[in-house]
Q: 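Dumping the structure here so I can ask a few things about it.
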Amino acid sequence: MIIEKLIFYVFAAILVFAAARVISVRNPVHAALFLVLAFFSSSAIWMLLHAEFLAITLVLVYVGAVMVLFLFVVMMLDINLAVLREGFAHYLPVGILVGLVILAEMLMVVGRWQLDKNVVKTAVETGSNTEAIGKVLYTVYVYPFEIAAVILLVAMIAAITLTMRPKRQNKYQKPEQQVNVKRAERVRLVKMPAEPRE
Amino acid sequence: MTLAVTDFAVVMPEIFLLTMACLVLVIDVYLPETMRNLTYQLSQGTLIGTALFIVAMYPTKPVLAMNNMFVSDQMGALLKLFICGIVFMAFIYSRGYLRDRNLLKGEFFVLGLLATLGMLVMVSAHTFLTIYLGLELLSLSMYALVALNRDSAQSSEAAMKYFVLGALASGMLLYGISIIYGVTGQMDLAAVANAIKADHEHHTALVFGVVFIVVGLGFKFGAVPFHMWVPDVYQGAPTPVTLLISSAPKLAAFAMLMRLLVDGMQHLHADWQGMIIVLSVLSMAIGNLVAIAQSNIKRMLAYSTISHVGFLMLGILTATKTGYAAAMFYTIVYTLMSLGGFGVILLLSRAGFEADKLDDFKGLNARNSWFAFIMLILMLSMAGMPPLLGFWAKWAVLSELINSGFMWIAITAVMFSVIGAYYYLRIIKLMYFDKPEDTNPLTADNDMQVALSVNGLAILFLGLVPQGLLTVCLTSLG
């Protein structure tokens with residue numbers, strides 16, 4: 001039990017540290033890598049909760065696919081961080097003040113509130129986590145599952161609508177027309193009076 | 001846990017709408033430019049078909065389906081019918097504007113239909129999960145629609161603002177939902193209500209969750225102090241998209257509020273009542289006062305929306321069934337008026353001319369007296385002049401408020417309505433007593449002119465017999 005607690009606190013500390021670094025480092029590539037670290041630590045915490053399916057999905061999907069894609073984008077776009085950070089120091093005091101006020105208010109409300117440990121069951125009693133999710137995902141949760149699918153469809157339509165430019169804007173040559181061109185179509189002879197000498 | 005045929009029968013309108021939206025999406029890709037009208041006709045047919053399915057499935061008592069994630073009741077069916085009708089009208093109004101600006105693409109209609117699907121899902125939601133998913137489906141489609149005119153810097157800025165603040169609002173809502181879930185251990189709204197009723201030791205935690213849910217709702221409604229996105233998005237978005245955002249989603253937001261606060265948390269009403277009072281009084285004050293200073297009519301109508309949102313929340317804070325019915329009546333009336341108001345802006349605009357300045361309305365009577373009259377009806381109705389529909393909506397809400405003993409709030413509401421009447425009357429003054437600066441004839445399509453006339457006259461004639469719609473709202477709440 002004590003080891004489990006120790007592992008939790010180690011990973012939680014790494015998670016908080018990595019999350020803070022994501023928004024504080026200057027280099028966007030480092031920020032993305034710290035985000036990967038944050039995902040790893042949170043998946044380890046999920047593992048402690050016996051939610052191995054979610055933990056593996058987090059690593060596979062977010063670290064394996066999303067973050068790699070994200071790194072590509074960051075490297076290819078060459079974002080100018082100096083512009084992004086403009087006004088950061090200017091807004092920082094106000095932001096910290098508002099954050100502290102909200103934190104103080106929340107602590108005053110929930111400071112003495114203890115979570116009932118029996119409310120949310122964590123571990124699956126029999127069989128594996130993956131099996132349990134598989135049994136309900138397409139039966140009990142089929143309706144929300146389908147709506148989530150439609151949301152992804154909307155994201156796809158939106159991305160294409162907002163970024164795809166029609167092809168006909170490209171200028172390209174038509175050799176068959178170029179070959180057939182006549183002199184009269186390209187050259188125009190203009191008769192001009194000679195300039196008188198001064 | 002198996003699904004029966006009856007489960008699918010109840011969800012038929014949504015299934016039909018989704019299937020048709022996908023079909024329109026695929027057909028539109030293969031259509032030659034000359035047959036682009038087919039996309040529009042198919043989209044309109046889809047909305048009519050969905051409405052017919054809703055009428056065919058009209059429930060007599062609440063029916064749960066899809067493992068209790070979907071509820072079909074009379075309130076939902078009525079709101080869904082109005083949502084379909086309003087999106088239908090919005091599509092008619094939008095066509096000319098989009099065609100003139102080279103924006104008449106299939107994506108507008110597909111995203112519009114999918115946003116409608118999101119609204120229907122929200123209206124029929126019976127768990128936190130479906131409420132949130134429906135909301136995201138609606139919001140994502142709307143973000144994309146706002147940025148539809150991607151060459152316009154103003155539209156892109158509005159879309160960005162809408163997206164960031166919308167994501168923040170969703171985060172707030174989810175945080176609140178997660179706290180409520182943490183305390184009750186339930187997602188199903190009826191089960192949440194029972195758990196809250198039985199729970200006595202976690203009251204503080206529940207109220208803590210409700211705060212975040214109300215903040216999320218306030219953002220989505222555009223209630224003060226969470227209103228900052230409304231004017232910028234209304235002004236920046238292409239007018240047809242502003243029309244879509246300002247009308248039908250308010251019905252869905254009303255349903256979401258009813259499901260969350262009334263179905264799920266009616267036992268906490270003593271706690272959320274106070275929060276709603278603050279939101280509604282502030283919305284009426286800021287909305288009406290700031291609207292006076294606007295010179296852009298889209299921005300002015302945005303602030304007018306904020307004040308109307310404040311007014312409709314008054315009906316909800318009474319926490320009585322008749323109060324909810326009055327709020328529902330108000331929401332429906334508001335969407336009809338907003339539809340007409342933005343419809344007139346679309347009517348006046350033409351290629352290269354937006355008609356979004358107040359001065360563009362100068363001398364409308366001399367140019368086209370019929371549509372000046374329609375705008376007169378709309379503005380007087382928004383201001384709450386008897387015998388128009390807007391008056392009866394305000395009257396219904398105020399009488400419920402007084403019956404529940406909130407006399408001082410009713411007086412405040414009337415005061416701000418009187419202040420608000422100023423900027424509605426200013427438009428009437430511009431239309432009837434000023435010289436036109438722009439003498440071009442109106443060149444809208446016939447179908448739009450007919451639809452807009454029907455829209456305006458409906459507000460006049462429904463105002464003469466207001467009891468019908470109000471009774472329908474009352475009976476639909478059971």
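By convention in this document, chain letters (A, B, ...) are assigned in the order of the sequence lines, proteins followed by strands, and residues within each chain are numbered from 1.
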Q: For B:L145, is it the side chain, the backbone, both or neither that has a heavy atom under 4.5 Å from a heavy atom of chain A?
A: neither
Q: More than 12 heavy atoms of other residues, nucleotides or ligands under 6.0 Å from OH of A:Y62: is that the case?
A: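 Open: at most 12 neighbouring heavy atoms sit under 6.0 Å from OH of A:Y62.
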Q: Side-chain contact, heavy-atom cut-off 4.5 Å: B:M66 with A:V140?
A: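 Result no, sub-4.5 Å side-chain heavy-atom pair not found.
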Q: Which atoms of B:L137 come close to chain A, meaning under 4.5 Å heavy atom to heavy atom: side chain ones, backbone ones, both, or neither?
A: both
Q: Is B:D151 in contact with chain A via its backbone, its side chain, both, or neither, using a 4.5 Å heavy-atom distance?
A: side chain
Q: Side chains of B:S141 and A:I157, heavy atoms from C-beta outward: is any pair under 4.5 Å?
A: no
Q: Would you compute the distance between atom CD1 of A:I151 and atom CG of B:L135 and round it to the nearest 0.5 angstrom?
A: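 Answer rounded to 0.5 Å: 9.0 Å.
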Q: Is chain B contacted by the side chain of A:V142, its backbone, both, or neither, given a heavy-atom distance below 4.5 Å?
A: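 The side chain, not the backbone.
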Q: Non-hydrogen atoms of chain A under 4.5 Å away: do they reach the side chain of B:L114, the backbone, both or neither?
A: side chain
Q: Look up atom CD1 in A:I147 and atom CD in B:E14, then write down how far apart they are to the nearest 0.5 Å.
A: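 Going from the CD1 atom of A:I147 to the CD atom of B:E14 covers 8.5 Å.
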Q: Do you know which two heavy atoms are closest between B:A147 and A:L162, and how far apart they sit?
A: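 It is O-CD2, 3.4 Å.
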Q: When rounded to the nearest 0.5 angstrom, what is the spacing between OG1 in B:T130 and OH in A:Y141?
A: 11.0 Å
Q: Hey, what do you get for CG (B:L111) to CG (A:L153), rounding to the nearest 0.5 Å?
A: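 Answer for the CG-CG pair, B:L111 versus A:L153, is 9.0 Å.
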Q: Is atom CE of B:M57 surrounded by more than 12 heavy atoms (other residues, nucleotides or ligands) closer than 6.0 Å?
A: yes
Q: Can you establish whether the number of heavy atoms outside B:F163 located under 6.0 Å from its atom CZ is more than 12?
A: no
Q: Is the CD atom of A:Q178 crowded by more than 12 outside heavy atoms at less than 6.0 Å?
A: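 Atom CD in A:Q178 is crowded, with more than 12 foreign heavy atoms closer than 6.0 Å.
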Q: Counting heavy atoms not belonging to A:I3, are there more than 12 under 6.0 Å from its CD1?
A: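 Atom CD1 in A:I3 is not crowded, with 12 or fewer foreign heavy atoms closer than 6.0 Å.
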Q: Measuring from A:E146:CD to B:I15:CD1, what's the distance to the nearest 0.5 Å?
A: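 It is 9.0 Å, given to the nearest 0.5 Å.
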Q: Counting only non-hydrogen atoms closer than 4.5 Å, does B:V207 touch chain A with its backbone (N, CA, C, O), its side chain (CB onward), both, or neither?
A: neither
Q: First locate atom CG of B:D7, then atom OH of A:Y143, and finally report the distance between them rounded to the nearest 0.5 Å.
A: 11.5 Å
Q: Do the non-hydrogen side-chain atoms of A:T161 and B:F108 ever get within less than 4.5 Å of each other?
A: no
Q: What part of B:L129 is in contact with chain A, defined as an atom under 4.5 angstrom from a non-hydrogen atom: side chain, backbone, both or neither?
A: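 Just its side chain gets close to chain A.
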Q: Using non-hydrogen atoms and a 4.5 Å limit, figure out which bit of B:V110 sits close to chain A: side chain, backbone, both or neither.
A: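 For B:V110, the side chain is the part near chain A, not the backbone.
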